[in-house]
Amino acid sequence: MELLANAKINLTLDILRKREDGYHDLQMVMQSVTLADRLTVTPAQGAEGQAVSDLRFLPTGSKNLAQTAAAVFRAATGLGGEVDVSIQKHVPVCAGLAGGSADAAAVLRAMNQLTGAGLPTEKLAEMGAKAGSDVPFCVLGGTALAEGRGELLTPLSPLPPCRVVICKPPFSVSTPQLFGRVNVRKIVRRPDTAGVIAALEAGDLAGVARRMYNVFEDVLEPRRYGEIASIKAALIDCGALGASMSGSGPSVFGLFDSEHDACSALARLEESYRDVFLCAPAGADYEV
Ligand code: ATP
């Protein structure tokens, strides 16, 4: 079975409080995009399933999130045997775009069909939380508000049609370090989450774009902050209606209502960066 595993961007990312269990309660407006890995899921050749990709540094066995998801599905349903998963990676790794979680979600959807389990999306999403906190959203797809650690989902009105330019600068940001630097009581700038949701309901792309923000941007190391700010400035300069960092970074994206402006931004960022992508919002109806 062949599937697409769509990446996500964070239209907003806010941290509401630190919980007693050490995790943080988040509030994020998440959006699937057409930038996607391509997966093939087949019955395993050997006794244990493998996950083979075109990136040699990714784990191939049970540590690959695609295999984690297969194990979660088998444990939760008692259905399905071992599977081999072949992954063409297009979503950059450790980029704040949930590439691994998207692969995990695609395997859950594949096994749901291959085994004939036919579980509803909500059940599959709930199961996905055991494979990672972004997996439930990746199962659901489209546009949604994610709360708690990211597993409490409320579908939202879709982002109006637009172009999305994503740029991943060549460094990684440690998610635990970022959380460690956030002092929830000292957050000064926050996204206007309610305003973004209202603008989505009104079909107002510019209204969404100008209210986006990611609170992690303010706790980046100064030189990383500078690079993220300069990519945002380049996107805005080329005509983006708004730009923000996605997840725990370092990917930055801009939303455009003009194909021409989006192509200019792509060309401009490609002069300095290797990982630059032009894509669009993806709806909740996945191509299988
Ligand atoms: P998020 O936005 O959810 O924080 P991310 O973009 O920062 O995700 P991913 O690319 O999803 O990060 O995953 C990064 C880690 O997961 C890496 O350490 C990588 O080795 C591991 N991993 C396991 N399986 C996969 C997979 N199928 N694709 C990508 N990374 C995987």
Side-chain angles (χ1 to χ4, degrees), residues 3-13 15 23-24 26 28-33 35-41 49-73 83-111 125 128-141 144 146 148-151 153 166-180 182 214-217 220 224 228 244-253 275 277 279:
L3 306 97
L4 290 177
N6 295 74
K8 62 85 185 162
I9 52 173
N10 287 81
L11 300 178
T12 68
L13 191 155
I15 303 177
Y23 291 108
H24 290 81
L26 307 175
M28 309 180 281
V29 177
M30 313 267 263
Q31 175 63 53
S32 303
V33 291
L35 173 65
D37 293 340
R38 195 166 271 280
L39 275 71
T40 309
V41 182
Q50 297 289 305
V52 180
S53 78
D54 44 5
L55 296 182
R56 275 203 260 145
F57 59 86
L58 286 184
T60 54
S62 58
K63 289 216 166 77
N64 192 297
L65 288 162
Q67 287 300 343
T68 311
V72 163
F73 185 89
V83 287
D84 285 337
V85 185
S86 155
I87 311 172
Q88 265 177 42
K89 285 298 290 182
H90 296 286
V91 181
V93 176
C94 292
L97 300 172
S101 304
D103 295 347
V107 168
L108 290 177
R109 297 199 317 274
M111 293 192 72
K130 295 198 183 75
S133 43
D134 281 341
V135 180
F137 170 74
C138 292
V139 170
L140 187 69
R149 290 177 60 192
E151 79 285 12
L153 298 172
I166 300 175
C167 174
K168 185 195 121 29
F171 57 83
S172 57
V173 181
S174 152
T175 309
Q177 260 183 32
L178 279 190
F179 273 114
V182 170
N214 179 335
V215 297
F216 278 139
E217 288 181 38
L220 292 167
R224 301 307 191 203
I228 298 300
S244 190
M245 189 171 84
S246 184
S248 53
S251 298
V252 179
F253 67 92
D275 290 329
F277 309 92
C279 57

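Nothing fancy with the numbering, it's 1 onward along the sequence. Every heavy atom of this structure was used, including side-chain atoms; hydrogens, water molecules and symmetry mates were not. Just follow the structure's listing: the first ligand is 1, and inside any ligand the first atom is 1. No experiment lies behind these values; they were computed from the predicted model shown.
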Exercise. Give the contacting part of L65 toward ligand 1: side chain, backbone, both or neither, where contact means a heavy-atom distance below 4.0 Å.
Key: both
Quiz item: Has ligand 1 got any nitrogen or oxygen that is less than 3.5 angstrom from a nitrogen or oxygen of V93?
Solution: no
Quiz prompt | Salt bridge D37-K89, side-chain N to carboxylate O under 4.0 Å | solution = yes
Practice problem: Check for a donor-acceptor pair, side chain of N6 on one end and backbone N or O of V33 on the other, with a separation under 3.5 Å. | Solution: yes
Quiz item: What residues, two or more places apart in sequence or in another chain, satisfy salt bridge (charged side-chain N to carboxylate O under 4.0 Å, His left out) together with E217?
Solution: K232
Quiz prompt | Side chain, backbone, both or neither: the part of A51 lying under 4.0 Å from ligand 1 by heavy atom | solution = neither
Exercise. Would you mind checking which non-hydrogen protein atom is closest to atom 2 (O) of ligand 1, with the distance to 0.1 Å?
Key: A98 N, 3.0 Å
Quiz item: How far does OG1 of T60 sit from CD of Q50, to the nearest 0.5 angstrom?
Solution: 5.0 Å
Quiz item: Considering only protein heavy atoms, which is closest to atom 29 (C) of ligand 1, and at what distance to one decimal place?
Solution: K89 NZ, 3.3 Å
Quiz item: When you look for heavy atoms under 4.0 Å from ligand 1, do you find them on the side chain of L58, its backbone, both, or neither?
Solution: side chain
Exercise. Examine S248 against ligand 1 and note whether any of their N/O atoms are separated by less than 3.5 Å.
Key: no
Self-check item: Taking atom 18 (O) of ligand 1 as the reference point, the nearest protein heavy atom with its distance
Solution: C94 SG, 4.2 Å
